[in-house]
Student: 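My questions will all concern the structure given below.
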Protein chains: 2
Amino acid sequence: MSQMQNVERQLREMILGLEIGPGERLTERWIESRFGASRTPVRAALLRLETEGLIGRDGRGWTVAPINLAELGQIAVYREVVEVAAVRLTAALEDRSGVEVIAAMLDSCDADTPREEWHRVGMDFHIELARLSGNEFLLRAVRDAMTRLSRARWLEVRDEAALGRAWAEHHAILAAVRKGDADEAARLLSAHIAGSRDRLVTSLHEDRRGLRARGFAVVAA
Amino acid sequence: MSQMQNVERQLREMILGLEIGPGERLTERWIESRFGASRTPVRAALLRLETEGLIGRDGRGWTVAPINLAELGQIAVYREVVEVAAVRLTAALEDRSGVEVIAAMLDSCDADTPREEWHRVGMDFHIELARLSGNEFLLRAVRDAMTRLSRARWLEVRDEAALGRAWAEHHAILAAVRKGDADEAARLLSAHIAGSRDRLVTSLHEDRRGLRARGFAVVAA
DNA sequence: GATACCATTTTGGGATACCAAATCGGTATC
DNA sequence: GATACCGATTTGGTATCCCAAAATGGTATC
């Protein structure tokens with residue numbers, strides 16, 4: 001793999017894994033030495049991550065995107081729009097066998113599965129569901145929204161019950177799609193996203209002091 | 001303005017203005033000499049334009065994105081979803097005075113206005129309408145869709161009547177938003193986008209020989 | 001102690017050199 | 001005429017150098 005893709009992937013993982021905190025400054029030279037690449041691939045990676053919304057410009061320099069509660073609310077609106085549209089398209093397909101693959105993916109998680117894996121599968125559910133629609137742009141939109149939500153969801157304080165409830169809601173959505181009931185699928189998905197948003201924003205808002213204590217920049221709603 | 005933004009802007013204009021044809025190969029060295037910049041800003045511009053979907057990779061090299069009829073259909077679905085959502089949000093706002101600014105923009109076009117300006121205002125209508133929603137992601141989605149549609153709309157064979165009809169439909173949509181009638185605004189906008197898509201795809205499909213004769217790569221639906 | 005000022009360092013933007021791989025041209029072979 | 005082959009050229013990927021602007025840090029001044 002090329003250095004450029006390498007730097008991009010590793011840097012993205014460090015940002016999403018909160019090894020580099022939201023709001024932290026980045027210098028091209030630091031990244032260069034950190035990953036053993038020269039500035040050319042580093043700059044390419046930075047440009048890509050900027051379009052993903054994971055980093056932004058701070059005057060002349062680079063900054064890891066802060067946790068922005070207002071933005072999280074807007075993303076929730078956005079993803080509801082595109083995810084509901086995608087699931088409606090999918091429910092209207094003749095061949096809806098793709099839902100079984102997603103159901104199997106959900107079922108691959110059990111009580112022994114590490115939290116990190118639950119986290120990943122929870123995002124992949126939405127991405128793969130959007131992929132079934134066959135519309136590249138809806139898929140891209142959902143993937144983009146999930147990327148931007150990723151860090152916040154990781155910071156969210158979630159109990160076991162919340163994970164189980166999300167798992168059940170995911171299965172219920174799949175069942176509606178399997179039946180070809182677009183309205184029910186849309187209704188369940190809307191409710192799922194709204195609930196997810198509420199818990200997320202509430203959790204982060206209540207814990208914003210703790211987040212700031214960890215050195216994370218948090219922008220209020 | 002920095003060289004990077006300069007190269008990016010000029011190259012984008014050449015691609016959107018069809019001075020560089022769809023499907024054409026691009027080399028970093030040619031761009032370098034064409035715009036009098038070195039490869040560093042050229043590569044930055046290429047990376048940006050790639051995320052806009054105006055250029056893509058062809059193996060190791062760069063290619064101007066072809067006219068893709070299947071993609072145009074998918075974009076139409078995508079933009080209907082996000083534009084309708086945005087206009088519904090806007091219609092539900094208390095302060096909908098922003099529509100007057102857009103109405104004035106439409107009215108700035110008359111019989112003497114050059115075709116190029118009609119083209120630009122036609123796109124800006126949809127972008128500015130999405131902006132009124134206040135949702136950055138819906139706005140970005142519409143802007144992105146418009147950028148990707150831009151060349152195709154420019155190639156479309158449009159008569160005077162089509163321009164006038166679009167103008168009237170735009171005003172009708174604004175009137176519904178002004179009234180706060182979200183359902184009617186959504187219905188009108190949906191019909192407008194569907195009609196726009198049909199005329200666009202039909203026109204390009206019928207003229208695909210002519211397009212290929214001009215050296216433009218056209219991917220069938 | 002706060003602040004204005006200046007020398008130093010650091011930083012991102014840009015230019016250029018180098019390399020391996022891919023492409024291109026021409027030639028020999030069938 | 002088609003094709004396989006090979007050397008020359010071109011190309012994107014990378015590393016490195018230079019520069020002006022911005023950040024930094026120490027110092028003198030009030």
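Chain letters run A, B, ... following the sequence lines, proteins first and then strands; every chain starts at 1. The structure displayed is predicted, hence computed values, not measured ones.
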Student: So, B/Asn135 and B/Ser133: side-chain donor and acceptor under 3.5 Å apart, yes or no?
Tutor: no
Student: B/Arg60 CZ to D/dG12 P: how many Å, rounded?
Tutor: 7 Å
Student: May I have the distance from B/Gln5 (atom CD) to C/dG12 (atom C1'), rounded to whole angstrom?
Tutor: 13 Å
Student: Are B/Arg25 and B/Trp62 in a cation-pi setup, meaning NZ or CZ lies under 6.0 angstrom from the ring centre and within 45 degrees of the ring axis?
Tutor: no
Student: Rounded to the Å, how far apart are B/Glu28 CD and C/dG14 C1'?
Tutor: 15 Å
Student: Distance alone, cut at 3.5 Å: any donor-acceptor contact between the side chains of A/Thr113 and A/Asp110?
Tutor: yes
Student: Are side-chain N/O atoms of A/Ser190 and A/Glu80 paired as donor and acceptor at under 3.5 Å?
Tutor: yes
Student: Between the base of D/dG12 and the side chain of B/Arg29, is one N or O donor paired with an acceptor at under 3.5 angstrom?
Tutor: yes
Student: Can you list, in residue-number order, the parts of residues 42-59 of chain A that come under 4.0 Å of DNA chain D, counting heavy atoms only?
Tutor: none
Student: When you match B/Glu32 and A/Thr27 each to their closest nucleotide on DNA chain C, which lands nearer the 5' end?
Tutor: A/Thr27
Student: Give A/Thr40 one of three labels, base, sugar-phosphate or nothing, depending on what nucleic acid heavy atoms sit under 4.0 Å from its own.
Tutor: base
Student: Would you mind telling me which residue lines up with the more 5' stretch of DNA chain C, A/Arg39 or B/Arg39, judged by nearest nucleotide?
Tutor: A/Arg39
Student: Any salt bridge linking B/Glu156 with B/Arg153? Criterion: basic side-chain nitrogen under 4.0 Å from a carboxylate oxygen.
Tutor: no
Student: Report the distance from atom CZ of B/Arg25 to atom P of D/dT11, rounded to the nearest whole Å.
Tutor: 11 Å
Student: Write down the partner of C/dT8 under the Watson-Crick or G-U wobble criteria, each distance required to be under 3.5 Å.
Tutor: D/dA23
Student: Should the pair B/Glu32-B/Arg39 be classified as a salt bridge under the 4.0 Å nitrogen-to-oxygen rule?
Tutor: no
